[in-house]
Asks: 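Can you keep this structure in mind? I'll have questions shortly.
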Amino acid sequence: MNFRHAVSRPADADELADAVLNHLTFSIGKTTDTATLSDWRLALTHAIRDMVVAPWFDSVRQVYKEDRKRVYYLSMEFLIGRLLEDAIDNLGLGELARHAMEKHGIDWREVLDDEPDAALGNGGLGRLAACFLDSMSTVGLPAHGYGIRYDHGLFRQGFHDGWQVEEAEEWLRQAHPWEFQRREVQHRIGFGGSVRTTEGDAAEWEPEEVVIAAAYDTPVPGWGGRWTNTLRLWSAKPERLFELDRFNRGDFVGAAAPAILAQTISRVLYPDDTTPQGKELRLKQEYFFTAASIRDLLRRFVSDHKDLRELPNKVAIQLNDTHPAIAVAELVRLLIDRHGMSFDEAFEISRGTLHYTNHTLMPEALERWSWDLMSRVLPRHLQIIEKINRRHEQEFPDRPESTRIIDHGEIRMGNLAFVGSCKVNGVSALHTDLMKRTVFKDLHELHPERIVNVTNGVTPRRWINTCNGRLRDLLNETVGEGWITDLDKLERLRGHATQKSFQDALWDAKRINKASLSNWMLEHTGVGVDPDAMFDVQIKRIHEYKRQLLNILEAAALYNEIRDNPGKDWTPRVKLFGGKAAPGYQQAKLIIKLINDIGKKINEDPAIGDKLKIVFPPNYNVSMAERLIPAADLSEQISTAGMEASGTGNMKLSMNGALTVGTLDGANVEIREAVGPENIFIFGKTADEVNAMRDKGYDSRPAIEADERLARVITQIERGVFSPDDPGRFRAIGDTLRHHDWFMVTADFTSYWTVQRRIDDAWKDRRDWLRKSTINIAGMGRFSSDRSIKNYADYVWEAEYGF
Ligand code: 26V
C-alpha cells in the first residue's frame, strides 16, 4: 500500500475509538452529547470504510496490471442485508470494534442492529448473488456485480389482524456511507423511437426517450481484506433535472415531470417472484441496468485492449436468470452498430462471453415479452432477436417448436439466453437434470455440451462466522480457524460427533441462541416460548410449492392429537414461520392468515401450554434470518419434489446444526448425500412420482379419505374452527386441497406426519440428535459458495482466481 493517507489496521481499541470520534466530529458533525445511535453507527462505518478503501484500490490496480480475465455478474437483485458487521468481521476487527464502541458507552449489538437492511432482492436468487459477491472477493477472483440501486427495496411486511399488509421500505432514508457515487460514470440509455438501416448488418437506432444510468459503487472486501471487488448499482436520472422553459412559464410541477418519469425506472424492486406480468416498466428496468452494465464493461475493455475479438478471453458475463437476458441482443447490437462487425462475427463473440443461470423451471415464472411491447420499447433489439432466431433456425432446420425464441407473438427470454450463451447452468444436480429433461430438453439435444451443473452455496462468513458467534468459537476450538475459507475442514468434526464434551458444548451454544431468540420473539410478537422445546423453522418466501400449508396442516393435526391425548409424552415444539407473500398472490396471503389464525388458537389454548407454539414474526429478512438460523433445531425443506431449484436456506440451517426434514428436491438431494440418509429426515413423493401422478390427473380424494387426521383438519378449516369470526374465510384452501391440489399437499401429508413423529422420538435421544447435528455441520463443506464460485471459474468462466 503506498497511499500516504491509507488507513491501516488500528493497533488497539483506543486507536479505533479515536478514529470513530474523529468521524463523529468531522464527517457526521456531531458532538458526543448530541450524537444519536445512528450517528455513532455512521461514525463507526466511516472509520471501518477508511480501512477498506486503500486495499480496494490495490485490487483494482492489480487487475489492470495483470490483465486477468474479469467476471461480470449481472443480477436484477442483490439481497445484501446489513454491511457493517460483515465488513468488520471480514477485516478481523470484531473484538476491537466492540471494545472501541464500549469505550464510548455504546452497546455493540444495538449499534449493529441500527443499520437498515439493504433488501434489494426478493429471496433466494438475490441472496445467492450476495453470497457470490462475498466468495468472489474471498477466493481472489476479479469481478464486478452489476445491478439496480432501487430507492425502495422489498416492501416491509406487517400483520393486521393476521393479514399481511405491505409498507414501502425506505432503506435510503438514512445516509448510506458504503456507496460512492461516481458522478463521472454515466451512460445514456434509450427507449422507443425508430431504426434506420445503414450499411450491411448495421443500423442506427434513434431512441425517443433517454435516461441516464448513474453509477454507485460499493466495495466488497473478502475474508482477511486480501481482495476487494466492486458492486456497481445503477440509479436512473433524468437528462435534465427540469425543463426551465416550463418552469419559467409558471408550470412548476410540470417542469419536474420528465425527471420524475425517468427516476421511476429505479424506484422500486418488483416484489413478485411468481409471475412476470409483462409490465413495460419491468422490461425497462431490465434493459436499463443491462445496457448500462454492458456499456460500462465494454468501455473498460476497450480502454486497455485493442481487439474486440479478444473479448471472450478477457471477459465472462454471467446472467443471473433471464432478467438480464436482453444482454444477448444489446451486446450483438453494440458490436455491429458501434464497432462495425458483421452479424455473424458479433454473435460469435457475444456467445463466447455470455453465460446464463436458470433458477426455476416453473413455466409461469419463465419470462416472455410480447412482440408488440418489445417493438415499442426496444425496436432495434427486436430486429436482432429476430435475426438470432432465424440464424438458429437455419442452423437447425428441423428444430422443434419448443426451441423457438419467438413464438406466438412472444419473445421467450429463456430460449434467447440459452441460444445466446456459451454455458447454461442449473443450480443443483436434480434441477440441472430436470432442465435437460423438461424445459430445455430440445435445446439440450441440439447443444448437448452447453448445460452444466453448478450447485448453489452460501457464504460461511455471514452464515456461520458472523451470525453464530458461539458456534464459531466452538468450531475454532475444535478444528482450528481454517474452515472459514476452506469449509471442507469441517469434516474434522466427524471425529467429535460422539464425543460427550463436544456434544455438550454444541448443545450449550444452541441453547443460548434459542434463549436469546425467545426473548426477542416475546418482545416482537408477544408470544413466549420455552427455549428447551424443539425449534422447528420454515423461513422462505410464501409460495404454494414451498408448502407452508403442509406444515400448518400438520401443526393443526398435532394440536388435535395433543388435545385428544393430553397425558402423552409429547415432544414440545415451537413452530417458527418467516416469509413474505407477493402482494398480488392471494392464495399465499390467505395461507399467511391461516397460519396466524391456527397459531392464535393453539397459542391461546391452556390445554396445550408449551407442548406446541406457533410463532410468525412479521417482516422476515436477512437480519431476521441471522437470528433464526443459529437457533433452529429442525429445518423445514418440504417443497413439492421437482419444484425447488436448489434452496439455500437448507444449507444455512444445516451448517448451523439444524436437522433437515425434507423432500427429495433441489439441493436436499445433495445434502442427504453429504450427511448420510440416517442424519436427515426424508419423506414424500419423488419428482418422478409427482410428474407421473400429474400426468394421470391427480385426485386428492383417496388420500384425504385414507387419513383421518388430514380429513379432520380440512373439515375444521372449512367449517371455520380456526376462523369463528368468518367461518367461510378459508373456503378457497379447502377447495384447493379437495379439487386442484397441484402441489400434492394431500399426497404427502401422511408421510410428512409419520416422519414428524419419528422426529419427535429422535429429539428424545439427545445424544444421538447431537451426533446427527454434528455430522450435518461436518458435511456442509461442499455447500460453501466458495466452492460454487470455483466451479463457475473452472467450468463456466474459465477464469483464474487466487492471490
Ligand atoms: C422471478 C421473477 C419472475 C418475473 C418477475 C420478477 C421475478 C423476480 C424473481 C424471480 C425469481 C424466481 C427464481 C428464484 O428465485 N429462484 C430461486 O433461486 C434460488 C437460487 O438459485 C434457488 O435456491 C431457489 O430454489 C429458487 O426458487
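Counting convention: from 1, in listed order, for ligands and their atoms alike. Sequential numbering from 1 along the given sequence is applied to the chain's residues.
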Asks: Return the closest protein heavy atom for atom 12 (C) of ligand 1 as residue, atom name and distance.
Replies: D273 O, 4.1 Å
Asks: Check this for me, if you would: do R437 and D433 make a salt bridge, where the nitrogen-to-carboxylate-oxygen distance has to be below 4.0 angstrom?
Replies: yes
Asks: What residue and heavy atom of the protein are closest to atom 4 (C) of ligand 1, and at what distance?
Replies: P276 CB, 3.5 Å
Asks: I want to check a possible cation-pi pair here: K580 against F155, using under 6.0 Å from ring centre and within 45° of the ring axis as the test.
Replies: yes
Asks: Does ligand 1 have an atom under 4.0 Å from some heavy atom of M76?
Replies: no
Asks: Calculate, to the nearest 0.5 Å, the distance between atoms CG and CG belonging to N551 and L576 respectively.
Replies: 10.0 Å
Asks: May I ask which of R127, H359, R282 has a heavy atom nearer to atom 13 (C) of ligand 1 than the others do?
Replies: H359
Asks: Classify the side-chain pair H359/N320 by whether it contains a donor and acceptor separated by less than 3.5 Å.
Replies: yes
Asks: What atoms of ligand 1 come closer than 4.0 angstrom to any heavy atom of Y545?
Replies: 27 (O)
Asks: Non-hydrogen atoms of E77 versus ligand 1: any pair closer than 4.0 Å?
Replies: yes
Asks: Does ligand 1 come near enough to N122 that some N or O of the ligand is less than 3.5 Å from an N or O of the residue?
Replies: no
Asks: Checking a contact table here: which protein heavy atom is nearest atom 24 (C) of ligand 1, and how many Å away?
Replies: E644 OE1, 3.3 Å
Asks: For ligand 1, which is the ligand I care about here, please tell me if Y270 has any N or O atom under 3.5 Å from one of the ligand's N or O atoms.
Replies: no
Asks: Looking only at protein heavy atoms, which one is nearest to atom 15 (O) of ligand 1, and what is the separation?
Replies: L125 CB, 3.4 Å
Asks: Any luck finding a side-chain donor-acceptor pair between W234 and S293 under 3.5 Å?
Replies: yes
Asks: Taking atom types as modelled, find out whether D442 and T403 have a side-chain donor-acceptor pair closer than 3.5 angstrom.
Replies: no
Asks: When you look for heavy atoms under 4.0 Å from ligand 1, do you find them on the side chain of D272, its backbone, both, or neither?
Replies: backbone
Asks: Under 6.0 Å between ring centres: does that hold for H381 and Y287?
Replies: yes
Asks: Is G647 in contact with ligand 1, taking contact as a heavy-atom separation below 4.0 Å?
Replies: yes
Asks: Does any donor atom in the side chain of Y270 or E286 lie under 3.5 Å from an acceptor atom in the other side chain?
Replies: no
Asks: Under 3.5 Å, is there a donor-acceptor pair between the N791 and R787 side chains?
Replies: yes
Asks: At a 4.0 Å threshold, what atoms of ligand 1 neighbour a non-hydrogen atom of A645?
Replies: 25 (O)
